[in-house]
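One structure is given here, and the rest of the page talks about it.
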Amino acid sequence: MTKAGENIRKLGFCMAAVFAGMLVAFAALVVYVIWYAVANVASVDSFGVVTLLNGGCIVIPSGLCLALVVGISLVVLCGISRNISRGVSPFTKTHVRLIRVLALALALAVNAAVSFVGAYGSVNLTIGGLELYIVPHSFVIEICQGVTFDTGSFIGAVVCLFISAIWSYASLLQEQSDELV
């Protein structure tokens with residue numbers, strides 16, 4: 001049992017380092033893209049579409065949604081991993097709440113809500129020989145003219161909520177086990 005606890009702490013430390021590194025790299029990418037867009041802006045329309053001098057474009061609402069979803073997800077995953085590396089059981093009520101925050105970040109609060117109001121679009125940049133093309137909406141269904149629903153984000157959120165329900169049950173079992181010992 002002690003060996004398993006030590007292994008999970010090591011895994012938590014490694015995952016915390018990986019997620020922290022990903023967060024720093026993502027933040028650097030966002031800063032670079034913002035700098036590049038500001039330096040090369042050709043025009044901005046009323047829908048928040050920034051057209052760049054080289055022909056690329058950024059849809060501001062979709063780009064912000066993508067940045068928020070990825071940023072929140074990495075912060076949550078880094079927090080859970082850091083707790084595990086400190087010897088905290090993976091199955092706690094705090095982790096259940098964090099997984100639910102992840103679910104809300106995936107769908108309701110950011111991605112699906114913005115696609116529902118019609119801010120559908122992508123990030124399309126050509127920087128030197130590198131082309132960065134991101135479509136933040138994975139599986140969008142058009143309900144009626146101009147009104148869309150992002151089912152990919154909805155499904156992702158439902159899966160995260162399902163995982164949080166399982167995690168909640170595991171945390172109850174963990175509490176019961178701790179009380180018996």
Side-chain angles (χ1 to χ4, degrees), residues 8-88 90 94-95 97-140 148 150 152-157 159-160 163-164:
I8 196 74
R9 280 191 291 279
K10 286 179 185 176
L11 178 64
F13 178 77
C14 291
M15 294 309 297
V18 167
F19 290 131
M22 290 173 66
L23 183 61
V24 168
F26 181 72
L29 177 66
V30 168
V31 167
Y32 181 74
V33 167
I34 290 170
W35 170 81
Y36 184 81
V38 168
N40 295 298
V41 66
S43 67
V44 180
D45 70 9
S46 62
F47 294 108
V49 177
V50 177
T51 304
L52 302 174
L53 294 173
N54 67 356
C57 68
I58 300 174
V59 179
I60 293 173
S62 295
L64 288 176
C65 286
L66 177 66
L68 283 173
V69 167
V70 173
I72 290 171
S73 299
L74 288 172
V75 167
V76 166
L77 292 171
C78 189
I80 291 172
S81 300
R82 189 179 50 231
N83 285 346
I84 292 170
S85 73
R86 293 179 179 157
V88 175
T94 302
H95 294 162
R97 283 190 295 274
L98 288 172
I99 293 170
R100 288 183 182 147
V101 165
L102 184 63
L104 292 174
L106 277 173
L108 187 60
V110 183
N111 214 1
V114 170
S115 74
F116 188 71
V117 297
Y120 182 74
S122 63
V123 174
N124 182 9
L125 297 173
T126 303
I127 304 171
L130 174 70
E131 185 162 334
L132 177 67
Y133 185 72
I134 302 168
V135 179
H137 308 287
S138 55
F139 185 41
V140 177
T148 59
D150 186 3
S153 292
F154 180 74
I155 291 169
V159 167
C160 282
I163 290 170
S164 77

- [ ] Measure the spacing between SG of Cys78 and CG of Asn83 and express it to the nearest 0.5 Å.
- [x] 10.0 Å
TODO: For Gly71 and Leu23, work out which heavy atoms get closest and say how close.
DONE: O-CD1, 4.1 Å
Open item on the list: Quick check: closest heavy atoms across Arg9 and Arg86, and the distance to 0.1 Å?
Closed with: CD-C, 4.4 Å
- [ ] Using a 4.5 Å cut-off on heavy atoms from C-beta on, say whether the side chain of Ile84 contacts that of Met15.
- [x] no
Open item on the list: Which residue is it: Val76, Val75, Leu74? I am looking for the one with a side chain to side chain contact (heavy atoms under 4.5 Å, CB included) to Phe19.
Closed with: Leu74
Task: Spatial distance of atom CD1 (Ile99) from atom CD1 (Ile80) [nearest 0.5 Å] - done: 4.5 Å
TODO: Output all residues satisfying side-chain contact (heavy atoms from CB on, under 4.5 Å) with Phe13, sequence neighbours left out; order by chain, then residue number.
DONE: Ser85
Open item on the list: side chain to side chain contact (heavy atoms under 4.5 Å, CB included), that's the test. Do Ile8 and Leu11 meet it? Break it down for me.
Closed with: CA-CA 5 Å; Ile8 196 74; Leu11 178 64; 4.2 Å; yes
Open item on the list: Rounded to the nearest 0.5 Å, what separates atom CD1 in Ile72 from atom CG in Leu77?
Closed with: 12.0 Å
Open item on the list: Could you report the tightest heavy-atom contact between Val30 and Ala67, atom names first, then the distance?
Closed with: CG2-CB, 4.4 Å
